Amino acid sequence: MFSSRFAKLAAQNKSAWKAGLAIVVAGGAFKVVYFNFSRSVLVDHMDRRHIQATEHLHSARQFGSAAAVEREERVPQLSPEQKEQLQEYLKLLADNNPEVYPKQKR
């Protein structure tokens, strides 16, 4: 009883069903096209940002290396007595701050 009534309604509203189906298909197609477009925009943007970040990292590493060499050239060399004092000081720091300077296992 229900199926025959539904079949009559479906047959009477063929144009409405066709319009509804066309809307669903067009909506699905639009989603696919929009997804692919937005994905390509995002991927291109991320590629550009990655290239810029890689270049920036490379220049920062070069600057860091140059600065380290320059610092080494400006700093006077320690005498053996100063080196010994520095090692004693570092050992004292490590003994007094074990959470900051964990002991090395030997």
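The model shown is predicted, which means the values in this text are computed figures rather than measured ones.
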Drop me the distance from [X]'s [atom1] to [Y]'s [atom2], to the nearest 0.5 angstrom.
X	Y	atom1	atom2	value
Lys18	Asn13	NZ	CG	12.5 Å
His45	Asp47	NE2	CG	10.5 Å
Gln87	Gln85	CD	CD	11.5 Å
Leu86	Glu88	CG	CD	10.0 Å
Arg74	Glu72	CZ	CD	10.5 Å

Q: Return the set of residues passing side chain to side chain donor-acceptor pair (under 3.5 Å) with Lys91 (not counting sequence neighbours), or none when no residue passes.
A: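 Per chain and number, Lys91 pairs via side chain to side chain donor-acceptor pair (under 3.5 Å) with Asp95.
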**Q.** Close side-chain approach of Glu81 and Glu84, heavy atoms under 4.5 Å
**A.**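 In short, these two side chains do not touch, never coming nearer than 4.5 Å.
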Q: Report yes if some heavy atom in the side chain of Arg39 is under 4.5 Å from a heavy atom in the side chain of Phe35; otherwise report no.
A: yes
Q. Do Val43 and Tyr34 share a hydrophobic cluster, counting only Ile, Leu, Val, Met, Phe, Trp and Tyr and linking them when any side-chain heavy atoms are less than 4.5 Å apart?
A.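 In one cluster: no.
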**Q.** Nearest atoms (heavy-atom pairs only) where Gln77 meets Gln82
**A.** O-OE1, 4.3 Å
Which pairs would a plain distance check flag for residues 53-64, meaning a side-chain donor or acceptor within less than 3.5 Å of a matching protein atom at least two apart in sequence or in another chain?
from: Thr54; atom 1: OG1; to: His50; atom 2: O; distance (Å): 2.7
from: His58; atom 1: NE2; to: Gln62; atom 2: NE2; distance (Å): 3.2
from: Ser59; atom 1: OG; to: Glu55; atom 2: O; distance (Å): 3.4
from: Ser59; atom 1: OG; to: His56; atom 2: O; distance (Å): 2.9

